Q: 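Once you've had a glance at the structure underneath, I'll fire off some questions.
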Amino acid sequence: MNRASVDCIIVAAGSGKRLGAKVPKAFVRLGGRPLFVHSLLTFVAHKAVGSLIVVAPPAMVPQTRRIVNGLCLHKEVTVVPGGEHRWQSVRNGVEASEATWVMIHDSARPFVATAVIDGVLRASRKFDAVIAAIPEVDTIRRFSGDRAGETLDRSAIVRVQTPQLFLRGKLLLAFDAAARLSSPPTDEALLLEASGAAVGISQGDALNFKITTQGDLELAEALWEKRRPGRKKPPRT
Ligand code: C5P
């Protein structure tokens with residue numbers, strides 16, 4: 001794989017209703033910066049990533065451009081408007097790229113580690129698409145109303161994260177098929193599988209969690225504070 005032909009798309013166009021903030025989730029501040037900036041900086045610093053595309057809520061495209069310009073990054077970053085559903089935002093981002101591979105990342109996962117990005121890139125030698133995932137550790141059961149049902153075999157289940165890497169041409173073809181579906185797809189990898197492509201899994205990271213609720217944001221703030229450069233270590237007791 002030609003390493004220079006990977007673009008990164010940060011999807012940041014969701015409203016984040018479950019977080020209940022006054023601004024869209026990707027613009028909520030963490031450690032003094034809008035949430036999407038954290039993962040953007042990690043991908044900009046990765047040597048395999050060529051250009052970057054940030055998919056922003058349509059009304060916030062000019063503001064997102066201002067934020068990105070203010071960062072004075074050494075790689076090209078394009079800002080494009082998102083769509084109503086996540087897959088439409090992803091498609092807008094993918095259409096703005098000319099790379100062979102596109103790496104999609106949720107802006108709501110600020111703590112993506114370089115090792116996770118490396119793992120996804122390594123696995124792409126064998127697959128048309130690769131998703132980062134972690135093993136399920138909780139017991140998983142079906143339920144009906146307030147009644148617990150069958151317990152599922154958790155050894156056969158993983159929790160899917162981003163980044164997810166796709167051959168851009170195959171993903172665009174899968175999107176054409178998705179546009180004809182009556183209900184929106186939740187997952188691009190699923191779409192690609194339906195078209196017969198091989199989707200691989202690489203090792204994710206528990207700290208690469210997605211911020212969805214206020215509780216997740218509190219966890220993220222605690223983690224940010226612990227990792228903050230220049231933080232004074234508490235005295236040993
Ligand atoms: O809503 P959820 O947290 O699952 O969204 C995952 C990611 O997809 C977020 O980073 C969000 O900004 C993005 N998204 C998007 N466009 C949408 C919906 C979600 O870019 N229409």
Side-chain angles (χ1 to χ4, degrees), residues 7-31 33-44 49 52-65 67-68 77-97 102-113 116-117 120 129 131-134 158-166 171-172 174-175 178-179 181 183-192 204-221 224:
D7 281 352
C8 175
I9 296 163
I10 310 266
V11 279
S15 60
K17 280 200 189 89
R18 287 168 291 185
L19 190 60
K22 290 197 185 82
V23 292
K25 184 162 65 177
F27 297 82
V28 166
R29 295 187 94 77
L30 171 66
R33 287 181 162 141
L35 192 55
F36 78 90
V37 170
H38 291 267
S39 53
L40 177 67
L41 294 178
T42 305
F43 284 100
V44 164
V49 173
L52 298 100
I53 295 146
V54 177
V55 187
M60 297 189 76
V61 167
Q63 185 183 340
T64 309
R65 286 205 180 108
I67 295 169
V68 168
V77 182
T78 310
V79 179
V80 300
E84 188 190 346
H85 299 290
R86 185 182 179 281
W87 77 271
Q88 291 162 328
S89 296
V90 173
R91 185 174 65 179
N92 290 358
V94 174
E95 283 173 348
S97 166
V102 282
M103 191 175 295
I104 317 291
H105 187 68
D106 289 342
S107 61
R109 298 180 187 272
F111 300 114
V112 57
V116 172
I117 303 171
V120 168
I131 59 179
I134 54 172
V158 289
R159 297 172 76 101
V160 174
Q161 302 186 331
T162 64
Q164 304 190 350
L165 184 66
F166 299 93
L171 188 54
L172 284 173
F175 283 143
L181 295 176
S183 58
T186 53
D187 187 283
E188 296 83 51
L190 205 74
L191 272 177
L192 217 72
D205 177 8
L207 296 185
N208 182 28
F209 62 91
K210 186 170 75 170
I211 296 176
T212 304
T213 62
Q214 270 299 327
D216 299 329
L217 189 57
E218 280 173 35
L219 263 180
E221 277 161 355
W224 166 259

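When a residue number appears, it is its place in the shown sequence, counting from 1. These numbers come from a predicted model, not from an experiment. Atoms within a ligand are numbered from 1 in the order they appear, just like the ligands themselves.
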Q: Counting non-hydrogen protein atoms only, what is the nearest one to atom 20 (O) of ligand 1? Give residue, atom name and distance.
A: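 Here the closest protein heavy atom is A13 N, 2.9 Å.
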Q: Near R18, which atoms of ligand 1 are under 4.0 Å from a heavy atom of that residue?
A: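 Near R18, the atoms of ligand 1 are 1 (O), 2 (P), 4 (O).
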Q: Which residue supplies the protein heavy atom nearest to atom 12 (O) of ligand 1, what is that atom called, and how far is it?
A: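 It is G14 N, 3.0 Å.
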Q: Under 4.0 Å from a heavy atom of S89: which atoms of ligand 1 are those, numbered in the order shown and with their elements?
A: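 Answer for ligand 1: 15 (C), 16 (N), 17 (C), 20 (O), 21 (N).
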Q: Are any of the N/O atoms in V55 less than 3.5 Å from those in ligand 1?
A: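 No, no N or O pair falls under 3.5 Å.
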Q: Pair H105, V120 - check side chain to side chain contact (heavy atoms under 4.5 Å, CB included), show working.
A: CA-CA 12 Å; H105 187 68; V120 168; over 6 Å; no
Q: State the CG-CG distance between L35 and L40, to the nearest 0.5 angstrom.
A: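 One finds 11.5 Å between CG of L35 and CG of L40.
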Q: At less than 4.0 angstrom from any non-hydrogen atom of E84, what atoms of ligand 1 do you find?
A: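 Under 4.0 Å from E84, ligand 1 has these atoms: 21 (N).
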Q: Taking 4.0 angstrom as the limit and counting only heavy atoms of K210, give me the atoms of ligand 1 inside it, by number and element.
A: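 Taking each heavy atom of K210 in turn, ligand 1 has 2 (P), 3 (O), 4 (O) under 4.0 Å.
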Q: If you measure from each heavy atom of Q88 to ligand 1, is any distance below 4.0 Å?
A: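 No; Q88 lies far enough from ligand 1 that no heavy-atom distance drops under 4.0 Å.
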Q: Can you list the atoms of ligand 1 that are under 4.0 Å from a heavy atom of H85?
A: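 This gives 17 (C), 21 (N) as the contact atoms.
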Q: The test is side-chain hydrogen bond (donor to acceptor under 3.5 Å, both in side chains); show your working for T213 and D216 and say whether it passes.
A: CA-CA 5 Å; T213 62; D216 299 329; 3.2 Å; yes
Q: If you apply the rule side chain to side chain contact (heavy atoms under 4.5 Å, CB included), what do you find for T42 with I117, and how did you get there?
A: CA-CA 10 Å; T42 305; I117 303 171; 4.1 Å; yes
Q: Applying a strict 4.0 Å limit to heavy atoms, is G82 in contact with ligand 1?
A: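 Judged by the 4.0 Å heavy-atom criterion, G82 does not count as contacting ligand 1.
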Q: With side chain to side chain contact (heavy atoms under 4.5 Å, CB included) as the criterion, how do L52 and C8 come out once you've worked through the C-alpha distance, each side chain's angles and the decisive distance to 0.1 Å?
A: CA-CA 5 Å; L52 298 100; C8 175; 4.0 Å; yes
Q: Is there a polar contact, in the sense of an N or O pair closer than 3.5 Å, between T212 and ligand 1?
A: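 Between T212 and ligand 1, no N or O pair is found under 3.5 Å apart.
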Q: Would you please test D205 and F111 for side chain to side chain contact (heavy atoms under 4.5 Å, CB included) and show each step?
A: CA-CA 9 Å; D205 177 8; F111 300 114; over 6 Å; no
Q: With a 4.0 Å cut-off on heavy atoms, is A26 in contact with ligand 1?
A: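 Per 4.0 Å heavy-atom rule, A26 does not contact ligand 1.
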Q: Count the heavy atoms belonging to other residues, nucleotides or ligands that lie under 6.0 Å from CZ of R159, then report whether that count exceeds 12.
A: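 Not more than 12 within 6.0 Å, no.
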Q: Rounded to the nearest 0.5 Å, how far apart are OG1 of T162 and CD1 of I9?
A: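 With rounding to 0.5 Å, OG1 (T162) is 12.0 Å from CD1 (I9).
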Q: Does V11, backbone or side chain, put an N or O under 3.5 Å from an N or O of ligand 1?
A: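 In this structure, V11 places an N or O atom under 3.5 Å from an N or O of ligand 1.
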Q: What class does the angle between the rings of H38 and W224 fall in, given that below 30° is parallel, 30 to 60° is tilted and above 60° is perpendicular?
A: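 If you compare the ring of H38 with that of W224, the planes turn out perpendicular.
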Q: Just need the protein heavy atom nearest to atom 3 (O) of ligand 1, so name the residue and atom and give the distance.
A: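 Checked against all protein heavy atoms, atom 3 (O) of ligand 1 sits closest to K25 NZ, 2.7 Å.
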Q: Tell me the protein heavy atom at minimum distance from atom 7 (C) of ligand 1, and give that distance in Å.
A: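 For atom 7 (C) of ligand 1, the nearest protein heavy atom is D106 OD1, 3.4 Å.
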Q: Would you call R91 and E188 a salt bridge, taking side-chain N to carboxylate O under 4.0 Å as the test?
A: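 Result for this pair is no, no salt bridge flagged.
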